[in-house]
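For reference, the structure is listed below as structure tokens.
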Protein chains: 2
Amino acid sequence: MIHVALIEDDPDIRKTLALIIDGTPGYSCTHHYPDVESALDPLHSFQPDVVLMDINLPGMSGIEGVKELKEKLPSVDVLMLSIQEDDHSVFESLRMGATGYLVKSTPPTQLLQAIQEVQQGGAPMSAHIARKVLSYFHPSRRSPLTPRESEILRLLCEGQTYSSIGEALFISGHTVRSHIKNIYQKLYVNSRAEAVKKALKDKLI
Amino acid sequence: MIHVALIEDDPDIRKTLALIIDGTPGYSCTHHYPDVESALDPLHSFQPDVVLMDINLPGMSGIEGVKELKEKLPSVDVLMLSIQEDDHSVFESLRMGATGYLVKSTPPTQLLQAIQEVQQGGAPMSAHIARKVLSYFHPSRRSPLTPRESEILRLLCEGQTYSSIGEALFISGHTVRSHIKNIYQKLYVNSRAEAVKKALKDKLI
DNA sequence: CTCAAAATCCTCCATTTGGGGGATACCCCG
DNA sequence: CGGGGTATCCCCCAAATGGAGGATTTTGAG
């Protein structure tokens, strides 16, 4: 029996979903709340297996909600259920510890399947969300740097000095310096810190 | 009709999969290769919709394979199909542009479903893989820094000098320096570059 | 072959950084 | 009340950094 809790402000949606879930064999949904504030304390003592969380909520947003919930109940699996599909909503939710993200148009059958999946160690996502998440890892634009420059940037990010980079690559520190000047120009930065930041952000290394 | 290509070195698996896929209505699988090298040129002219890619391959690995394939055919969707589940295999594949990642134990039905899903803009992943990917975004440990230190770290990442950080926060550069020394100790680093890297990696800012 | 890009090396010099100290003040908790 | 953590300020000094130049060789594509 999977104990599901539900946080959703629209009373119609909330009650309908609760009925569907609670009415399905193997599932139970006796705890549902219209906002995060009123859910935190009861859920702390109830200890649900899975929490379905809306994002647009009165008061605390669902994103803050995940954060709070995961702090009180680190072992609970939170599944976002939202109409929002923008980058901020998705990635912030995941950053706060959500273990899945479904758009609200998900049919009940798939919702139930997702709940089961998350319970079994998965991380269900709607198709477009999954694509968005994976594309985070794939930098579409290519690096403007030459292979040598990329190599030097990589070592630069390690915090090594020009000399030690030079030793690692069997070239002089002066040469390293020249390359780094070119790198800075190409990346439009003028310090190591900015270069590191850009390198990590744009996944140039 | 979805045109599927297959790169897999085990002849049994390769031929079985090809037969299953090609024998399913709506799917076609006429191109299958035992390694990346022999696949690149033919696939360039064939232009498949989806490529199933193994990782353990003779010669070029499947990970390098994705990279090469996506460079030649940016619009093709590559679905990894591997027994490997380690972080490196998963994240490197995604970084190179894979649009999905299935473990080899995936039953044929689900494999076919995944192919269809990727074709419709999704990004299918096996349960454990999806969980691994999402957990990438959730830094389990919280920041060991004080609010003030976090603020300074943020500005440090911008590449500002101690003095300019001081000006921004209405404190002296000396104080900024003291905070930064504490930050370095807490993060176990000893240069700005490493601090920036750690800050971004652990999402401390 | 030719020309451009990439990779290698160098100098001068002001500024920044980071390691080692030390000091005061505040606030909260036990 | 005392102690620990935080925040603020200061010193000295060696090392690293970055901006400005200039130079040569190697490589690669047309």
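Chain letters run A, B, ... following the sequence lines, proteins first, then strands; residues in each count from 1.
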When the distance from [atom1] of [X] to [atom2] of [N] is rounded to whole Å, what number comes out?
X	N	atom1	atom2	result
Ile171(B)	dT6(D)	CD1	C1'	12 Å
Ile180(A)	dA20(D)	CD1	P	16 Å
Leu155(B)	dT17(C)	CG	C1'	17 Å
Asn182(B)	dG4(D)	CG	P	16 Å
Ile183(A)	dA7(C)	CD1	P	10 Å
Gln160(B)	dT17(D)	CD	P	20 Å
Gln185(A)	dA7(C)	CD	P	15 Å
Ile152(A)	dA6(C)	CD1	P	13 Å

For [N], take OP1 and OP2 only and decide whether either is under 4.0 Å from a side-chain N or O of [X].
X	N	answer
Ser172(A)	dC10(C)	yes
Arg148(A)	dT8(C)	yes
Thr146(B)	dA7(D)	yes
Thr175(B)	dC9(D)	yes
Tyr162(B)	dT16(C)	no
His174(B)	dT8(D)	no

side-chain hydrogen bond (donor to acceptor under 3.5 Å, both in side chains) involving His31(A) - partner list, sequence neighbours excluded: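 Testing His31(A) for side-chain hydrogen bond (donor to acceptor under 3.5 Å, both in side chains), a comparison that skips the adjacent residues, returns none.
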
Nearest non-hydrogen partners of Ser150(A) and Leu145(A), listed with the distance: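 In terms of heavy atoms, the two residues are closest at OG-CB, 3.7 Å.
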
Given dT8(C), dT17(D), dT17(C), the nucleotide with the shortest approach to the side chain of Arg192(A):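 The closest nucleotide is dT17(D).
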
Nearest to side-chain heavy atoms of Lys181(A), which nucleotide of dG21(D), dG18(C), dA7(C):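 Out of dG21(D), dG18(C), dA7(C), the nucleotide with an atom closest to Lys181(A)'s side chain is dG21(D).
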
Presence of donor-acceptor pair under 3.5 Å, side chain of Arg177(B) and base of dG18(C):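 Pair found.
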
dC9(C) base / Ser178(A) side chain donor-acceptor hit below 3.5 Å: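 Looking at the base of dC9(C), it does pair with a donor or acceptor on the side chain of Ser178(A) (distance under 3.5 Å).
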
Given DNA chain D, 5'-ward residue of the pair Gly173(B) and Tyr184(A), judged by closest heavy atom: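 Nearest-nucleotide comparison on DNA chain D picks Gly173(B).
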
Candidate pair Glu85(A) and Lys132(A), rule salt bridge (charged side-chain N to carboxylate O under 4.0 Å, His left out), full reasoning: CA-CA 9 Å; Glu85(A) 292 189 50; Lys132(A) 189 195 290 290; over 6 Å; no

Sugar-phosphate, base or nothing in reach of Asn190(A), heavy atoms under 4.0 Å: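 Sugar-phosphate contact only.
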
Crowding at NZ, Lys72(A) (>12 non-hydrogen neighbours, <6.0 Å):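 Yes - once you tally the heavy atoms of other residues, nucleotides and ligands closer than 6.0 Å, there are more than 12.
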
Other residues, nucleotides, ligands: >12 heavy atoms within 6.0 Å of Lys67(B) NZ: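 Atom NZ in Lys67(B) is not crowded, with 12 or fewer foreign heavy atoms closer than 6.0 Å.
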
